[in-house]
Amino acid sequence: MENLFIYVENEKAQDCLKYGMKLSEYANKIIEINNIEKKGITAYLTPKDSDLYDNNLFTCLRISTSKLNAIIYNRVFENNKDFLNKSFCNCHDYQLADYEDPIGIIYSTILPENIFLYNKLLDLPLIVENSKEYFYDKCVNDLIENDKFTKFELYQTLLLLGEQKNIFKSEKIDHNLKIYTDLISNKIYTKKNSGYETNPKC
């Protein structure tokens with residue numbers, strides 16, 4: 001990762017840009033990996049990964065990772081040492097969608113030349129808007145492309161999920177056929193024992 005993102009209180013942003021961020025002052029996270037405690041500054045792979053994205057009290061800073069000590073780890077395993085020890089890497093080795101819930105820790109002081117004010121409209125384009133969503137998209141696509149599931153199986157599973165989430169209303173026609181009606185669009189989907197078809201409601 002060439003860039004990571006940090007949120008600081010608005011009143012501290014200009015000082016960060018001018019003087020940098022001392023690890024001793026800004027460290028806000030401690031994790032233990034391979035029996036070694038790492039104390040550092042929480043950083044995100046993309047601005048929207050943070051709950052502070054829409055918080056007007058905080059400013060987002062883009063951090064160039066050049067010459068910085070930083071790791072990416074899978075936050076899913078934060079409370080499981082065995083899996084956490086297998087789910088971290090140097091920030092420069094991380095590949096997008098490696099982890100379900102990736103987050104960074106910078107464990108070195110950040111010099112001013114590494115810090116930039118992030119601008120939502122004019123900044124460098126982001127490869128990924130949200131790390132979790134990208135992870136799920138890639139996993140689903142991989143499962144489909146590798147023929148782990150047939151399109152028919154995915155279709156039927158989505159109909160069942162839609163029913164559970166009250167997106168569809170279902171009605172059993174006979175022992176071989178069930179229809180699902182989209183409650184918003186009124187589109188009808190059919191679920192049969194083999195094959196499938198979709199028809200718009202007339």
Side-chain angles (χ1 to χ4, degrees), residues 1-8 21 23 26-55 58-66 68-108 110 114 118 120 123-168:
M1 301 297 296
E2 294 182 1
N3 294 285
L4 292 173
F5 299 86
I6 290 174
Y7 284 86
V8 296
M21 301 176 69
L23 181 62
Y26 285 92
N28 58 2
K29 186 71 178 181
I30 298 175
I31 62 168
E32 184 178 314
I33 296 178
N34 292 330
N35 298 317
I36 299 174
E37 281 193 347
K38 291 188 177 292
K39 182 178 183 180
I41 304 168
T42 300
Y44 302 92
L45 278 65
T46 178
K48 285 187 178 180
D49 286 354
S50 172
D51 294 335
L52 299 174
Y53 182 75
D54 291 316
N55 191 324
F58 287 82
T59 297
C60 183
L61 302 175
R62 177 170 58 83
I63 308 298
S64 168
T65 57
S66 175
L68 286 186
N69 294 320
I71 61 170
I72 307 293
Y73 72 94
N74 193 346
R75 194 160 37 176
V76 169
F77 300 127
E78 202 166 64
N79 297 316
N80 188 308
K81 289 184 181 180
D82 291 337
F83 283 103
L84 182 60
N85 290 337
K86 302 173 184 177
S87 301
F88 79 96
C89 65
N90 184 286
C91 70
H92 300 292
D93 296 328
Y94 182 77
Q95 300 293 317
L96 290 173
D98 276 354
Y99 304 147
E100 179 180 359
D101 191 9
I103 192 165
I105 290 186
I106 298 171
Y107 52 100
S108 60
I110 308 171
N114 287 74
Y118 176 70
K120 294 180 182 179
D123 214 290
L124 297 173
L126 298 172
I127 298 175
V128 171
E129 289 288 327
N130 182 289
S131 295
K132 272 189 179 181
E133 291 301 318
Y134 183 75
F135 173 85
Y136 298 138
D137 284 345
K138 188 173 186 307
C139 286
V140 169
N141 288 331
D142 287 346
L143 290 169
I144 293 173
E145 290 174 3
N146 294 324
D147 295 323
K148 301 292 184 183
F149 303 96
T150 66
K151 298 289 194 305
F152 174 62
E153 290 171 329
L154 290 171
Y155 171 80
Q156 295 215 83
T157 300
L158 290 173
L159 290 179
L160 293 173
L161 181 60
E163 183 179 22
Q164 292 172 5
K165 295 181 67 175
N166 295 317
I167 296 172
F168 301 140

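Since the model is a prediction, treat every value here as computed from it, not as a measurement.
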Under the side chain to side chain contact (heavy atoms under 4.5 Å, CB included) criterion, do Ile31 and Ile71 qualify, and how do the steps go?
CA-CA 11 Å; Ile31 62 168; Ile71 61 170; 4.1 Å; yes
With no hydrogens and no angle check, do the side chains of Glu100 and Tyr136 hold a donor and an acceptor under 3.5 Å apart?
yes
If you round to the nearest 0.5 Å, how far is CD1 of Ile127 from CG of Leu45?
10.5 Å
Gap separating the CD1 atom of Ile33 from the CG atom of Asn85, nearest 0.5 angstrom
7.0 Å
Determine, stepwise, if the pair Tyr73 / Ile103 fulfils side chain to side chain contact (heavy atoms under 4.5 Å, CB included).
CA-CA 6 Å; Tyr73 72 94; Ile103 192 165; 3.4 Å; yes
If you take all heavy atoms of Cys91 and Thr65, which pair is closest and at what distance?
SG-CB, 3.9 Å
Asp51, CG atom: more than 12 neighbouring heavy atoms under 6.0 Å
no
Partner residues of Tyr94 under the ring pair (Phe, Tyr, Trp, His ring centres under 6.0 Å) criterion, sequence neighbours left out
Tyr99
In the structure I gave you, are the side-chain heavy atoms of Pro47 and Tyr118 within less than 4.5 Å of one another anywhere?
yes
Give a yes or no answer on whether the side chain of Asn146 reaches the backbone of Lys148 with a donor-acceptor pair at less than 3.5 Å.
no
List the steps and the verdict of side chain to side chain contact (heavy atoms under 4.5 Å, CB included) for Leu143 and Leu154.
CA-CA 10 Å; Leu143 290 169; Leu154 290 171; over 6 Å; no
Within 45° of the axis and under 6.0 Å from the centre of the six-membered ring of Phe77, does NZ or CZ of Lys86 qualify?
no
Determine the minimum heavy-atom distance between Leu96 and Tyr134, stating which atoms define it.
CB-CE2, 3.7 Å
Using modelled atom types only, decide if a donor and an acceptor are shared between the side chain of Asn114 and the backbone of Ser64 within a distance under 3.5 Å.
yes
When rounded to the nearest 0.5 Å, the distance separating OG1 of Thr42 from NZ of Lys29 is 6.0 Å
Any chance you could measure Ile106, atom CD1, to Ile6, atom CD1, to the nearest 0.5 Å?
4.0 Å
In this structure, CD1 of Ile30 is separated from CD of Glu37 (nearest 0.5 Å) by 5.5 Å
Taking atom OH of Tyr26 and atom CE of Met21, what is their separation to the nearest 0.5 Å?
5.5 Å
Using side-chain heavy atoms (C-beta onward) and a distance below 4.5 Å, is Asn74 in contact with Asp101?
yes
If you draw a 6.0 Å radius around CD in Glu32, do more than 12 non-hydrogen atoms from other residues or ligands fall strictly inside?
yes
What's the shortest heavy-atom distance between Asn3 and Arg62, and which atoms?
OD1-NH1, 3.2 Å
Which heavy-atom pair separates Gly40 from Ile105 by the least distance, and what is that distance?
CA-CG2, 3.6 Å
Donor-acceptor contact present, side-chain Asn90 to main-chain His92, <3.5 Å:
yes
From CA spacing to verdict: side chain to side chain contact (heavy atoms under 4.5 Å, CB included), Phe83, Val76:
CA-CA 9 Å; Phe83 283 103; Val76 169; over 6 Å; no
Using only atom types and a distance under 3.5 Å, with no angle test, would you say the side chain of Thr46 pairs donor to acceptor with the backbone of Asp49?
no
